[in-house]
Amino acid sequence: MKTMYIPRGQALNYDSLETEHLVVNGILNVAHSLKARTISGDGLILAGTVSADDICVREIEAASVYCLRLAARRVQAAEVFASESAAVSCYLCADYVSADRLTVALHEIGKIDARKVAVLTPKKRSLFRLLLTAALRSLWASLTQPREREVLDAEYRQVQEEPPVEKPEAPRDEELERFTAIFKLLRSSGYTLKIVPGTPEENAPTFEAVFGQADRPAA
């Protein structure tokens, strides 16, 4: 069923109902779930949960309402979730209301989770005037809201890095360098350096010119 119409003066009861478009000018009582793409009319809807993209009716009494946009004269529900906007011209009673923009007159709400909230003076309004008033207030708030100033032509200073501190070189040990050079020269020629205790004179080798051999003193 694409479109369902309930005329004025007629009351229908359902356990659950799902349709494409719903127009309620009478009374619709759904025990559990009511689902539709659009719900409109000047009647009364009683339901467990109401789910739709757009809801524009006179009165809703439900446990939960889920929609993109809601416009009504009176709403009584435990929870109301409107992703884009919710506007109630006469009276809104709910434990929790979540909407991007909320426009209400008289209300009893336990907790509101909304980016923008507009409270209207209670008076008799048509749904069209309610939506128009809500749109104008939202536009006025966006135009009068102070904007953050941008900082222009700020002075720029480059951070100068300090040159690295050079560590002073250790003084050269010429005796150590000479000893190292002698050790490398002897090792490359096949000799082995041996350290013998005693004074240099006691351990100094003696050479014979004929044989070229070194005689070391007896210990």
Side-chain angles (χ1 to χ4, degrees), residues 4-6 8-142 144-145:
M4 182 176 181
Y5 175 72
I6 301 176
R8 188 182 304 274
Q10 186 176 357
L12 297 180
N13 299 312
Y14 291 91
D15 184 62
S16 60
L17 178 62
E18 184 172 356
T19 183
E20 190 77 10
H21 303 285
L22 177 62
V23 180
V24 180
N25 287 329
I27 299 175
L28 175 62
N29 186 3
V30 181
H32 296 97
S33 175
L34 170 60
K35 295 181 180 181
R37 176 174 295 180
T38 62
I39 300 176
S40 60
D42 196 33
L44 169 63
I45 296 177
L46 308 171
T49 60
V50 179
S51 301
D53 291 343
D54 293 279
I55 301 176
C56 184
V57 295
R58 177 173 60 87
E59 188 171 355
I60 296 178
E61 293 183 12
S64 302
V65 178
Y66 304 92
C67 63
L68 293 177
R69 292 165 291 272
L70 169 65
R73 288 191 178 92
R74 287 176 293 275
V75 176
Q76 296 187 48
E79 299 175 326
V80 176
F81 297 90
S83 301
E84 295 184 6
S85 62
V88 181
S89 61
C90 183
Y91 178 68
L92 171 60
C93 179
D95 293 333
Y96 177 76
V97 175
S98 175
D100 184 67
R101 301 184 304 276
L102 175 62
T103 305
V104 292
L106 292 176
H107 62 277
E108 292 182 15
I109 304 174
K111 183 179 179 181
I112 298 177
D113 185 7
R115 184 174 60 88
K116 294 183 179 179
V117 178
V119 179
L120 306 178
T121 303
K123 59 177 65 177
K124 189 175 181 180
R125 296 183 180 87
S126 64
L127 293 180
F128 174 76
R129 288 184 59 191
L130 172 65
L131 296 176
L132 179 61
T133 303
L136 291 176
R137 288 209 174 190
S138 178
L139 178 61
W140 175 256
S142 63
T144 57
Q145 185 176 4

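The chain is numbered in sequence order, starting from 1.
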Closest non-hydrogen atom pair, A94 against V80
CB-CG2, 4.3 Å
Measuring from atom CG of L44 to atom CG of D42, what distance do you get when rounded to the nearest 0.5 angstrom?
10.5 Å
To the nearest 0.5 Å, atom CG of L46 lies from atom CD of E61 at 5.5 Å
Output the distance between atom OG (S33) and atom OH (Y14), rounded to the nearest 0.5 Å.
14.5 Å
Please find the pair of heavy atoms, one from L22 and one from A36, that lie closest to each other, and give the distance.
CB-CB, 4.4 Å
Pairwise side-chain contact, L17 with L28, heavy-atom cut-off 4.5 Å (strictly under):
yes
If you look at every heavy atom in L12 and M4, which pair is closest and at what distance?
CD1-CE, 3.9 Å
Rounded to the nearest 0.5 Å, how far apart are CD1 of I60 and CD1 of I55?
4.5 Å
Excluding sequence neighbours, so at least two apart, what forms side chain to side chain donor-acceptor pair (under 3.5 Å) with T38?
H21
Please name the pair of heavy atoms, one in A47 and one in L34, separated by the smallest distance, quoted to 0.1 Å.
CB-CB, 4.3 Å
Would R73 and E59 count as a side-chain contact (heavy atoms from CB on, under 4.5 Å) here? Give the steps.
CA-CA 6 Å; R73 288 191 178 92; E59 188 171 355; over 6 Å; no
For the residue pair V104 and V97, establish whether any side-chain heavy-atom pair is separated by less than 4.5 Å.
no
Kindly compute the distance separating CD (E108) from SG (C93), expressed to the nearest 0.5 Å.
5.0 Å
How far does CG of L68 sit from CG of D100, to the nearest 0.5 angstrom?
11.5 Å
Minimum-distance pair of heavy atoms, taken over all atoms of V23 and G41:
CG1-CA, 4.5 Å
Parallel, tilted or perpendicular: rings of F81 and Y66 (30°, 60°):
parallel
Nearest heavy-atom pair of A99 and A86: which atoms, and what distance?
CB-CB, 4.2 Å
Can you list the residues that meet the ring pair (Phe, Tyr, Trp, His ring centres under 6.0 Å) rule with Y91, with sequence neighbours excluded?
none
